[in-house]
Amino acid sequence: MNRQTASYDVVVIGGGLAGLSAAIAAAREGAATALLQDRPVLGGNSSSEIRVTPHGAGRFHAYARETGIVSELTIEDRASNHEQFHNNGWTNSVWDMTLYNLAVQTDNLTLYLNTVIREVHLSGEREIAAVSGHVLGTETELRIEGRAFIDCTGDGTVAAMAGNEWRMGSEGRDEYGEPHAPELASGDTMGSSIHFRARDTGRPAPYRAPEWAAKYDDPSFFYKHNRKPHDIQAGYWWFELGTPWDTIHDNETIRHELTRHVFGVWDWIKNKDPLTRDKAANYALDWIGQVPGKRESRRIIGRYLMTEHDVQQGTEFPDEVAFGGWYLDLHIPGGLLAPTSELPGASEIISPYGIPLRILIAKDIDNLMMAGRNVSVTHAALGTVRVMSTTAIIGQAAGTAAAVALRRGIAIPDVPERAIAEVQQTLLRRGCFLPNVENADPLDLARLAEAVVASSEGLLAEVEPDHSAADSLDIRRSQWVAVRGPLERIGMWIKNEADQPQELRVELHRSQHIWDYEVKGSGTVAGAGFTAEPNTEYQPLVAARLEVPAGYKGWLYWPLEAEGDDQEGFPDEGYVRLDLLGTKELFWHHAASVQQALPSASELEHGRLRSHSDGRTMSFAVSPPQPVFGPANVTNGAARPHRAANLWRSAKGQPLPQWLELRWSQPQRIGTVELTFSGNLLQDHNRYPAFFREPDCPRHYSIEAWDGEGWRTALEIRDNYQRHASHRLPEQVVTERIRIVVHETNGGTEALIYEVRCYEI
């Protein structure tokens, strides 16, 4: 055998989205990094071998999509990929190559594919010295030494071999009192899945299942137990098997059994189901996955065990380094072998919540971290943490923290106490979002600017209606309204289809942030939590009952000055939430287009709202116009809508180019300018079409510096579609004024910028 040894600062084992993000983050922070992956492609469950589309908080919450390395990848994929990933089974190799391209062009990163780790070598009882394994197809034994290790294997293989404590199965309800924990503890885990892809051949495509395929003949198995074959071209998440098999040691048995069931279900779709067989007549199986995508196996115990309570209550952690927002997606043990595939937590929308660094730091091994579905959480909490967009930003946090620890010369377990501010500020600078942390980077010169001015400033006044799209007001519907100052009047475009007047109830609520979905509760929202058992009414700031005339269609105005003298309780700046509730004959029209930073919601069940994940805005008008899109927003510490709009937008109707300018009282030495633009926050990866470029994102822009007599172009960028950009200027400039000029967008009519940062080097 060929034997090789190499040494690195950070060694990441596992090349899914968590591991890839961890490795790139560590390398970008200056650590010599190795990424070891046991497959020939990167991406894990998202790769073309398994084809699960990445999901996260953006699926359920407008403006909550995960950013950082994962959004850099997904934006690049959408701009260059000819395939839209409608659902599981659609991913292609273009996505694989997008991941591979970023990995191989990242400085300080060495990639080892097809490398299976078989042994962990310890130095003492609490430190890993090296890992060793075999490179498939090369007859090569490999020993990789490191100073810090990150287990992103999914199964927690490295941590388990190193002797760190781990759990597998489900905690009983008596251990932590989690509402979604089973009554009794067990070894049950969520199962694994494989997917298929079918293609329209343009002619009849007969299908005959093999004799060993599973047999399906009962329609109720599919249509009464949440297994509807909704898309005959690809899927499905409910192709799932786990219990009674072990998702690690019985992986090959599970793969074979899943294959039997895929053939059997396709036979049902093609030949037996009266609802699908005609539609599927010309379709043929084109691909069946043979690498099971795992949902759950080992969970490695860290310096903190995160529970369902932390998720539901929105615990604010001092060491917050990531966030989640997927629902408590806990699948029934047994999958296809269970009586039903109903999802117990599917209707329980969870507001975005913070994730602490301590669940990424191994309890028993001092130089080991983990990222992915093997982090330190209970089975119940794993239901929301495990999705790939969430694990990707967890991976970026782990890689960043490891690099910071090595740079500072401190032990990884000491980072939450001694270096958490540096980790958090680094993540924000790299384009990530933390719900409870804002930019306080002492090196950011933009924060020192005495004035931020612009060529024009958009005001929030009237959001024009879409005359062809409206929602019935038979349930509560809500619109977040950004404010900066008092309101005298607010209007809504309303249609009454009845032949008699209808009553419309209108309310304005103070809203802590755009994911404040509470209708009932204590009147205040702690963190991002939801009061599951409210006992007092959440009183609106103002409320009224308006009469809508029979057959009316148009603006309906609510004069707020009549509701009180001083509007006590209104925020000076931030959001109020406009709630409407009427009858099934009353309709509230959508806005003519999505308006950045102005999301809406509807009532999911009594007392709880659900954000429209498509980011839609409802039609409304406010008077006086609100100056919520001012240029000073780009240095306020937040880079997306959250507690305020946090966005500069040029005035509507003003042609491009438009510019934004930072001014200092003394000359500044500026070598790097970093920008966060609008877009790519509203929906998950699979909701965006092929060759998509965010229309509001600048395509052509320039950075200009004032030289005392005029403006000099320091850098010009063309063909941009990325949301976050860091530009090292060709040469450092010394100036009192920096200007960002937006010459052209990817289709939008205004210039929009969320954040500007400036650094000396």
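Residue numbers count from 1 along this sequence.
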Output every pair passing salt bridge (charged side-chain N to carboxylate O under 4.0 Å, His left out) with a member in residues 224-236, not counting sequence neighbours, ordered by first then second residue. none

Per the salt bridge (charged side-chain N to carboxylate O under 4.0 Å, His left out) rule, what does the pair list look like for residues 580-598, sequence neighbours excluded? none

Take atom CZ in R484; do more than 12 heavy atoms of anything else shown fall under 6.0 Å from it? no

Within 45° cone and under 6.0 Å: R640 NZ/CZ vs Y63 ring: no

Do we get R477 above F587's six-membered ring, with its NZ or CZ under 6.0 Å from the centre and within 45° of the axis? no

Using side chain to side chain contact (heavy atoms under 4.5 Å, CB included) as the criterion, point out the one residue from L647, T676, L660 that pairs with V634. L660

With [X] via side-chain hydrogen bond (donor to acceptor under 3.5 Å, both in side chains) - residues at least two apart:
X	value
E438	none
N646	N636
R616	D471, D614
Y754	Q596

Applying side-chain contact (heavy atoms from CB on, under 4.5 Å) to V506 and I490, what does each step give before you reach the verdict? CA-CA 10 Å; V506 291; I490 191 165; over 6 Å; no

Is a donor from one side chain sitting under 3.5 angstrom from an acceptor on the other, for [X] and [Y]?
X	Y	result
R65	T74	yes
W480	S511	yes
Q502	N496	no
S341	E240	no

Give the C-alpha distance, both sets of side-chain angles, the deciding distance and a yes or no for side-chain hydrogen bond (donor to acceptor under 3.5 Å, both in side chains) between E488 and S623. CA-CA 6 Å; E488 297 175 359; S623 179; 4.6 Å; no

Heavy-atom pair of closest approach, residues [X] and [Y]:
X	Y	value
I394	V385	CD1-CG1, 3.9 Å
G325	Y353	N-CE2, 3.6 Å
A62	P599	CB-CB, 3.8 Å
I475	S602	CD1-CB, 4.2 Å
L578	W558	CD1-CZ3, 4.1 Å
T276	I269	OG1-O, 2.9 Å

At what distance, to the nearest 0.5 angstrom, does [atom1] of [X] lie from [atom2] of [Y]?
X	Y	atom1	atom2	answer
W90	Q84	CH2	CD	8.0 Å
M492	L546	CE	CG	5.5 Å
H230	N87	NE2	CG	5.0 Å
L752	D696	CG	CG	5.0 Å
L581	L473	CG	CG	7.5 Å
F433	E66	CZ	CD	10.5 Å

Keeping [X] on the side-chain end and [Y] on the backbone end, is there a donor-acceptor pair under 3.5 Å?
X	Y	result
D684	N686	no
T315	F317	no
R723	F677	yes
W648	E457	no
E694	S678	no
S650	E750	no
E178	A380	no
S389	H55	yes
N746	C697	yes
D516	H513	no

Could you pull out all residues at least two apart from [X] that satisfy salt bridge (Lys or Arg N to Asp or Glu O under 4.0 Å)?
X	answer
E744	R699
E464	none
R476	E507, D579
R386	D329

Flag side-chain contact, heavy atom, 4.5 Å: P229 against D273: yes

Results of side-chain contact (heavy atoms from CB on, under 4.5 Å) for C432 - residues two or more places apart only: Q396, L427

The test is side-chain contact (heavy atoms from CB on, under 4.5 Å); show your working for W588 and I494 and say whether it passes. CA-CA 5 Å; W588 189 3; I494 301 296; 4.0 Å; yes

For S456, run the side chain to side chain donor-acceptor pair (under 3.5 Å) check against Q658, Q654, K652 and tell me which one passes. Q658

Give every residue pair that meets the side-chain hydrogen bond (donor to acceptor under 3.5 Å, both in side chains) criterion with at least one member in residues 540-555, sequence neighbours excluded. E503-R545

Take W238 and H225, measure what ring-ring contact (aromatic ring centres under 6.0 Å, His included) needs, and give me the verdict at the end. CA-CA 10 Å; W238 46 263; H225 299 289; over 10 Å; no

Residue pair Y176, H379: steps toward the ring-ring contact (aromatic ring centres under 6.0 Å, His included) verdict: CA-CA 11 Å; Y176 297 107; H379 166 81; over 10 Å; no

Quick one: are the ring centres of W515 and H642 less than 6.0 Å apart? yes

